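Have a look at the structure below, then the notes.
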Protein chains: 2
Amino acid sequence: MTQERPYAQTLTRLREAGLRPTRQRLALGRMLFEGGDRHVTAEALHEEAQKAGVSVSLATVYNTLHQFTEADLLREVVVDSSRTYFDTNIDDHHHFFIENDGALMDIAGDEITIANLPKAPDGTDIARVDVIVRLHSRPRS
Amino acid sequence: MTQERPYAQTLTRLREAGLRPTRQRLALGRMLFEGGDRHVTAEALHEEAQKAGVSVSLATVYNTLHQFTEADLLREVVVDSSRTYFDTNIDDHHHFFIENDGALMDIAGDEITIANLPKAPDGTDIARVDVIVRLHSRPRS
DNA sequence: TCAATAGTTTAGAGCGATTCTAAAGTTAAG
DNA sequence: CTTAACTTTAGAATCGCTCTAAACTATTGA
Ligand SMILES: [Mn+2]
Ligand SMILES: [Mn+2]
Ligand SMILES: [Zn+2]
Ligand SMILES: [Zn+2]
């Protein structure tokens, strides 16, 4: 049901976000939103587009990822100080991060229980709570 | 007790880490380890050294922070995809991060209870669990 | 005390991810 | 259509950080 009319679906999302459905945005949007949840870097998405024969500049990939994030179609995940990951899962959730290969995996929000969270310091509000479970992959047997 | 003989204390730490107690390492070590827990960026520590009249190159600040981290005198905290923070608190603990001004504050490890953590995927081991409570500072009244 | 050696510092070049600029190309309106 | 608003893009610029290799310094053991 959520997989039908994929073309129209991405188109609608863009329209609702007030973004003109350009060739580039439609192509990137389809790569991101059709199929399951994804965690991508700009570089990786750009490469994927190239391979799919979609001509988009890296600058546009960055622009688009930021516009999608701004429109709440994506969120950023900070796990590595040298790359930014964009996440198509915008629900509250957490992550496994395999430091060896940079892979990110979702942990559903209700799979982890956080208790006794101290209250935010005066003058501040909690914007989000991120749990990152850092993993090291064991050498394959 | 932990604040006495500050000079000798830093000196001893360096010796125990197998690092020659050079003028630069001693100066940076004292700035980092005397007084309470700190969260610094290389840039900020470099500036602080300059202001204290200690001449150290930025490259040496980076080298030193990494060597200290390697020696378990510091740990890195990833909260911002554009800067690396180094933390003098090497106990298990978590952080408040005020996104507006880049301030980091500790949350003691036992102040948060994490329950139902899913088990690590096959072939991986948990290296660390980081909880980052992202805050937005409310405009001052 | 004083080499000789191993380890350290540093200026400056280099790198990689990301952002910026401003000119050319598109889309939406009317 | 025509026009105005928005978008894309190549390439330059930025920025945090790392690398290189030459100049220093701490350590060692005659
Ligand atoms: Mn960004
Ligand atoms: Mn590092
Ligand atoms: Zn995710
Ligand atoms: Zn800390």
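Keep in mind it's a predicted model, so treat the numbers as computed, not measured. Letters go in sequence order (proteins before strands), and every chain restarts at 1.
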Discussion item. Checking contacts here: which listed nucleotide (D:dC17, D:dA10, D:dT7) is nearest the side-chain heavy atoms of B:A42?
Written reply: D:dC17

Response to the item:
Closest of D:dT27, C:dT10, D:dT7 to the B:R23 side chain is C:dT10

Fill in: Selected nucleotide, minimal atom distance to A:H66 side chain, candidates C:dT8, D:dT8, C:dT19
C:dT19

Practice prompt. Measure from the side-chain heavy atoms of B:S57 and tell me the nearest of C:dA11, D:dA10, D:dT7.
Written response: C:dA11

Worksheet item: Given side chains that start at C-beta, do those of A:T41 and A:T84 come closer than 4.5 Å, heavy atoms only?
Response: no

Worksheet item: For the pair made of CZ in B:F68 and C1' in C:dT8, what is the distance, rounded to whole Å?
Response: 13 Å

Practice prompt. Give A:S82 one of three labels, base, sugar-phosphate or nothing, depending on what nucleic acid heavy atoms sit under 4.0 Å from its own.
Written response: sugar-phosphate

Worksheet item: Will you find, in the side chains of B:D87 and B:H39, an N or O donor that is under 3.5 Å from an N or O acceptor?
Response: yes

Worksheet item: Taking CD from A:E43 and P from C:dG16, how many angstroms apart are they, rounded to a whole number?
Response: 10 Å

Worksheet item: Among C:dT27, D:dT8, C:dT10, which is the nearest nucleotide to the side chain of A:R20?
Response: C:dT27

Fill in: Whole-Å gap separating P (C:dT27) and CZ (A:R25)
11 Å

Discussion item. Please report the distance, rounded to the nearest Å, between CD in A:E70 and P in D:dT7.
Written reply: 13 Å

Worksheet item: To the nearest angstrom, how far is A:L19 atom CG from D:dA5 atom P?
Response: 18 Å

Discussion item. Membership question, hydrophobic clusters at under 4.5 Å side-chain separation (ILVMFWY): are B:V56 and B:L65 in the same one?
Written reply: yes

Discussion item. Counting only side-chain heavy atoms from C-beta out, which of C:dT8, D:dT9, C:dT18 sits nearest to B:T22?
Written reply: C:dT8

Discussion item. Pick the closest DNA chain D nucleotide for A:N63 and for A:S81 by heavy atoms, then say which residue is nearer the 5' end.
Written reply: A:N63

Practice prompt. Could you tell me the separation between the CZ atom of B:R83 and the P atom of D:dT18, rounded to a whole number of Å?
Written response: 14 Å

Item to complete: For A:D106 and A:H93, test the side chains for any donor-to-acceptor distance below 3.5 angstrom and give the result as yes or no.
Response: yes

Item to complete: Test the B:R13-B:F33 pair against the cation-pi criterion, namely NZ or CZ under 6.0 angstrom from the six-membered ring centroid and within 45° of the ring axis.
Response: yes

Response to the item:
Checking C:dA28, D:dA26, C:dT9 against the side chain of B:P21 (C-beta onward), the nearest is D:dA26

Worksheet item: Given atom CG of B:L28 and atom C1' of C:dT8, what is their separation to the nearest angstrom?
Response: 13 Å

Practice prompt. Choose from C:dT10, C:dG7, D:dT8 the nucleotide whose nearest atom is closest to any side-chain atom of A:Q24.
Written response: D:dT8

Worksheet item: Would you say B:T84 reaches D:dC17's phosphate, i.e. side-chain N/O to OP1/OP2 under 4.0 Å?
Response: yes

Practice prompt. Provide, to the nearest angstrom, the distance between the CD atom belonging to A:Q67 and the C1' atom belonging to D:dT9.
Written response: 13 Å

Worksheet item: Side chains of A:D130 and A:H95: donor-acceptor distance under 3.5 Å anywhere?
Response: no

Practice prompt. Name the nucleic acid region contacted by B:T64, choosing base, sugar-phosphate or nothing; use a 4.0 angstrom heavy-atom cut-off, strictly under.
Written response: nothing

Discussion item. What's the closest nucleotide to the side chain of B:Y62 if the choices are D:dG16, C:dT9, D:dT9?
Written reply: D:dG16

